[in-house]
Chemist: 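Starting off with a structure, shown below.
What you are looking at is a predicted structure, and each value in this text was computed from that prediction instead of being measured.
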Amino acid sequence: MKPIATFFFVFTLCLLIVLPQEIAANQEGVVTGQIQQACEHTAHKPLCLSTLSSDPTSQQATNLTILAQAALSIASQNASDITDLVKTLVNDQSLEPRVQQALADCLDHYLDAAEQLDDSLAALTVGAHEDLKTWVHVAIDDAGLCDAGFKGLKENVMFHKNKVFHQLCQNALAIAEVSVSAAGK
């Protein structure tokens with residue numbers, strides 16, 4: 001092969017290897033300074049960074065209140081996604097009746113949790129910060145009640161979902177509290 005042909009071959013090969021990796025990395029999300037600042041105050045920083053950096057609204061956020069709204073929306077969407085999953089699982093005839101009952105209870109709890117988080121979002125919008133904290137804590141309690149329904153059973157099919165939901169709520173609450181502090185300065 002001629003040197004110029006070898007160069008173009010190697011160059012093209014490198015592009016074919018590197019470019020898809022760069023595109024994939026850029027699609028994972030961008031951690032902006034605002035996102036980094038908000039997530040510094042959370043108990044579950046890696047989860048915070050990954051969820052907010054993959055959210056288009058968060059990437060364009062100009063203040064912590066917008067990030068708090070995004071975090072609450074992400075937690076609310078997670079509750080809705082869990083509700084959809086539980087609706088499917090509760091009708092699985094291969095599960096024990098006690099597991100199906102626990103899932104039915106979880107369905108009620110997650111419907112409530114999604115509603116509580118929507119109320120939290122409204123409270124943040126109007127500056128009702130105590131209400132926001134109350135509603136987020138109630139949503140967290142709903143996930144705990146879902147978990148409690150599996151006590152004494154061999155397997156808690158909801159454990160991981162409940163844990164992530166709990167962490168999303170804690171992160172949203174922490175960011176909301178920081179946004180209130182920042183707005184008060």
Chemist: Of Asp142, Asn162, Thr83, Asn78, which meets side chain to side chain donor-acceptor pair (under 3.5 Å) against Tyr110?
Modeler: Asn162
Chemist: I'd like to know if the side chain of Ser179 and the backbone of Ala176 have a donor-acceptor N/O pair within less than 3.5 Å.
Modeler: yes
Chemist: Using the rule that Ile, Leu, Val, Met, Phe, Trp and Tyr join whenever any side-chain heavy atoms are under 4.5 Å apart, tell me whether Leu173 and Phe165 fall into a single cluster.
Modeler: yes
Chemist: Do Trp135 and Leu72 have side chains that get closer than 4.5 Å, going by heavy atoms?
Modeler: no
Chemist: Membership question, hydrophobic clusters at under 4.5 Å side-chain separation (ILVMFWY): are Leu121 and Val178 in the same one?
Modeler: no
Chemist: Are Leu52 and Leu64 connected in a single hydrophobic cluster, I mean Ile/Leu/Val/Met/Phe/Trp/Tyr linked by side-chain heavy atoms less than 4.5 Å apart?
Modeler: yes
Chemist: Tell me if a side-chain donor or acceptor on Asn171 pairs with a main-chain N or O of Thr42 at a distance below 3.5 Å.
Modeler: no
Chemist: For Gln77 and Asp81, what are the C-alpha separation, side-chain angles and deciding distance, and is it a side chain to side chain donor-acceptor pair (under 3.5 Å)?
Modeler: CA-CA 6 Å; Gln77 183 59 53; Asp81 292 346; 2.7 Å; yes
Chemist: Would a hydrophobic clustering, with Ile, Leu, Val, Met, Phe, Trp and Tyr connected at side-chain separations under 4.5 Å, put Met158 with Leu111?
Modeler: yes
Chemist: Rounded to the nearest 0.5 Å, how far apart are CD of Gln101 and SG of Cys106?
Modeler: 10.0 Å
Chemist: Measure across Ile74 and Asp55 and return the closest heavy-atom pair with its distance rounded to 0.1 Å.
Modeler: CD1-CB, 4.1 Å
Chemist: Given side chains that start at C-beta, do those of Phe150 and Leu103 come closer than 4.5 Å, heavy atoms only?
Modeler: yes
Chemist: Do side-chain atoms of Gln116 reach the backbone of Val136 as a donor and acceptor pair under 3.5 angstrom?
Modeler: no
Chemist: Is Gln34 close to Thr62 at the side-chain level, that is, under 4.5 Å between some pair of heavy atoms?
Modeler: no
Chemist: Return yes if some donor-acceptor pair links the side-chain N/O of Thr88 with the main-chain N/O of Asp84 below 3.5 Å, else return no.
Modeler: yes
Chemist: Could you report the tightest heavy-atom contact between Cys146 and His109, atom names first, then the distance?
Modeler: N-CD2, 3.8 Å
Chemist: Looking at Asp147 and Ala143, would you say the former's side chain and the latter's main chain have a donor-acceptor pair under 3.5 Å?
Modeler: no
Chemist: Kindly indicate, with the supporting measurements, whether the criterion side-chain contact (heavy atoms from CB on, under 4.5 Å) is fulfilled by Gln69 and Thr125.
Modeler: CA-CA 8 Å; Gln69 291 170 337; Thr125 303; 4.0 Å; yes
Chemist: Determine whether Val164 and Ile175 fall in the same hydrophobic cluster, where Ile, Leu, Val, Met, Phe, Trp and Tyr are linked whenever their side-chain heavy atoms lie under 4.5 Å apart.
Modeler: yes
Chemist: Between NE2 of His41 and CD of Glu177, what distance do you get to the nearest 0.5 Å?
Modeler: 11.5 Å
